[in-house]
Amino acid sequence: MSTKNRTLGEYIIENQNSFKYSSGELSKLINAIRLAAKVVNHEVNKAGLVDILGAAGETNIQGEDQQKLDVLANEKFIQTLTNREIVCGIASEEEDDFISINSNDNQHQNKYVVLIDPLDGSSNIDVNVSVGTIFSIYRRITPVGTPVTLEDFLQPGKNQVAAGYVVYGTSTMLVYTTGDGVNGFTLNPAIGTFYLSHPNMKFPEDGRIYSVNEGNYIHFHQGVKDYIKYCQEEEGDRPYTSRYIGSLVSDFHRNMIKGGIYMYPKSSVTEEGKLRLLYECNPMAFLAEQANGLAIGGKTRILDVQPKELHQRIPFFCGSRNMVLKLQEFLTKYH
Ligand SMILES: O=P(O)(O)OC[C@H]1O[C@](O)(COP(=O)(O)O)[C@@H](O)[C@@H]1O
Ligand SMILES: [Mg+2]
Ligand SMILES: [Mg+2]
């Protein structure tokens with residue numbers, strides 16, 4: 001059967017044995033994420049027709065106004081994951097604290113924790129620009145049979161067993177890795193089935209796109225300013241093209257296909273940058289490295305960072321290997 005006709009369901013079963021802990025539970029978990037993605041996709045596509053645009057009237061622990069779709073996507077993912085006897089805990093951008101989930105036999109038998117950014121790119125919801133969902137999966141480190149603890153969530157990114165995102169764009173795609181390369185599946189909305197459309201995705205080593213919110217330029221540290229200047233110089237294959245959608249998932253997806261670098265630096269106003277280590281940077285860094293790209297926080301490899309808090313932020317630079325290495329040259333000049 002040609003890869004193109006392979007459905008996500010078939011792919012998950014066929015590749016189950018490549019998982020480090022293949023007991024079928026991780027397959028069930030990815031299947032549950034597939035289901036929740038379809039439910040949220042349906043809601044996103046209705047935006048503008050039903051009352052799910054605009055703010056929900058609450059703020060989350062980050063102090064951000066929650067959008068109605070943030071809240072709805074959060075509910076759908078938590079519901080879908082909770083009802084399937086696979087996860088022992090969920091952490092979400094939209095939840096102050098982690099949610100502990102006991103197995104039906106009350107014996108805390110479930111083995112995986114999931115961290116999610118239910119709706120990424122919230123500022124783009126009302127203006128019909130592509131948004132996404134990001135997920136990160138770890139095997140718990142506290143013993144099975146005991147309630148899950150914060151420790152199970154504060155694991156360095158290199159411990160992830162799977163990570164991925166859904167992009168709700170011109171088409172809806174689910175892109176993920178279980179540590180054996182990155183594959184992209186496109187939803188056929190007519191029959192509600194994801195098909196393997198982008199096997200073995202790889203960042204081109206070099207790219208000509210840089211993605212950064214230049215509105216914050218004056219606050220950036222000199223190293224970042226110098227790299228942006230370098231991207232804009234008339235020299236060799238430069239100037240590069242500036243592209244910034246304002247949805248991490250969509251900017252990352254484009255750069256992975258075309259070659260590019262995404263930057264959300266720290267600045268004099270956001271000392272730790274904006275993006276959250278656990279459910280934005282770690283999953284995208286795992287995907288990037290599995291696709292021959294790189295992800296750093298400055299000098300540090302994102303996946304080596306030991307998390308301290310559930311919602312901690314970190315500067316994030318991610319994309320084509322040679323572009324990230326070039327940026328790192330500029331950053332180290334000032335350290
Ligand atoms: O508007 P800014 O400051 O450039 O920030 C845009 C970035 O913030 C985010 O929207 C943060 O994610 P959320 O929408 O999930 O909070 C990223 O998707 C995006 O890359
Ligand atoms: Mg986000
Ligand atoms: Mg979000």
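Start at 1 and go down the list; that is how both ligands and their atoms are numbered. As a basis for the values below, the full set of heavy atoms in this structure was taken, side chains included, without hydrogen atoms, waters or symmetry mates. Keep in mind it's a predicted model, so treat the numbers as computed, not measured.
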When you check the gap from the basic side-chain N to the acidic O, do [X] and [Y] get nearer than 4.0 Å?
| X | Y | value |
| --- | --- | --- |
| Arg313 | Glu271 | no |
| Glu64 | Arg276 | yes |
| Arg243 | Asp251 | no |
| Glu280 | Lys274 | no |
| Arg301 | Asp304 | yes |
| Arg238 | Glu233 | yes |

Does any N or O atom in [X] lie less than 3.5 angstrom from one in ligand 1, N or O only?
| X | answer |
| --- | --- |
| Leu275 | no |
| Asp120 | yes |
| Leu119 | yes |

ask   = Close to the Mg ion (ligand 3), meaning under 2.8 Å, how many protein N, O or S atoms are there?
value = 3

Which atoms of ligand 1 sit under 4.0 Å from any heavy atom of [X]?
| X | value |
| --- | --- |
| Asn213 | 2 (P), 3 (O), 4 (O) |
| Asp117 | 15 (O) |
| Leu248 | 17 (C), 18 (O), 19 (C), 20 (O) |
| Ser247 | 18 (O), 20 (O) |

task = Check each heavy atom of Ser122 against ligand 1 and say whether those closer than 4.0 Å belong to the side chain, the backbone, both or neither.
result = both

query = Applying a 4.0 Å heavy-atom criterion (strictly less than), which segment of Asp70 is in contact with ligand 1: side chain, backbone, both, or neither?
reply = neither

Do me a favour and list the nearest non-hydrogen protein atom to [atom] with residue, atom name and distance?
| atom | result |
| --- | --- |
| atom 20 (O) of ligand 1 | Tyr262 OH, 2.8 Å |
| atom 19 (C) of ligand 1 | Gly246 O, 3.3 Å |
| atom 6 (C) of ligand 1 | Tyr244 OH, 3.3 Å |
| atom 3 (O) of ligand 1 | Tyr264 OH, 2.6 Å |

Return yes if some donor-acceptor pair links the side-chain N/O of [X] with the main-chain N/O of [Y] below 3.5 Å, else return no.
| X | Y | value |
| --- | --- | --- |
| Ser320 | Gly260 | yes |
| Gln155 | Arg139 | yes |
| Gln290 | Phe286 | no |
| Glu93 | Tyr279 | no |

request  = Under the salt bridge (Lys or Arg N to Asp or Glu O under 4.0 Å) rule, what do Glu25 and Lys28 come out as? Steps first, then yes or no, please.
outcome  = CA-CA 5 Å; Glu25 277 180 62; Lys28 270 171 62 181; over 6 Å; no

task = From the options Glu93, Gln66, Lys274, select the one whose nearest heavy atom is closest to atom 16 (O) of ligand 1.
result = Glu93

query = To which of Gln67, Glu280, Gln62, Glu214 does the heavy atom nearest atom 11 (C) of ligand 1 belong?
reply = Glu280

ask   = Hey, what's the ring geometry for Tyr230 with Phe330, parallel, tilted or perpendicular (30° and 60° as the breaks)?
value = tilted

key: Transitive ILVMFWY side-chain link Val167 to Leu196, under 4.5 Å   = no

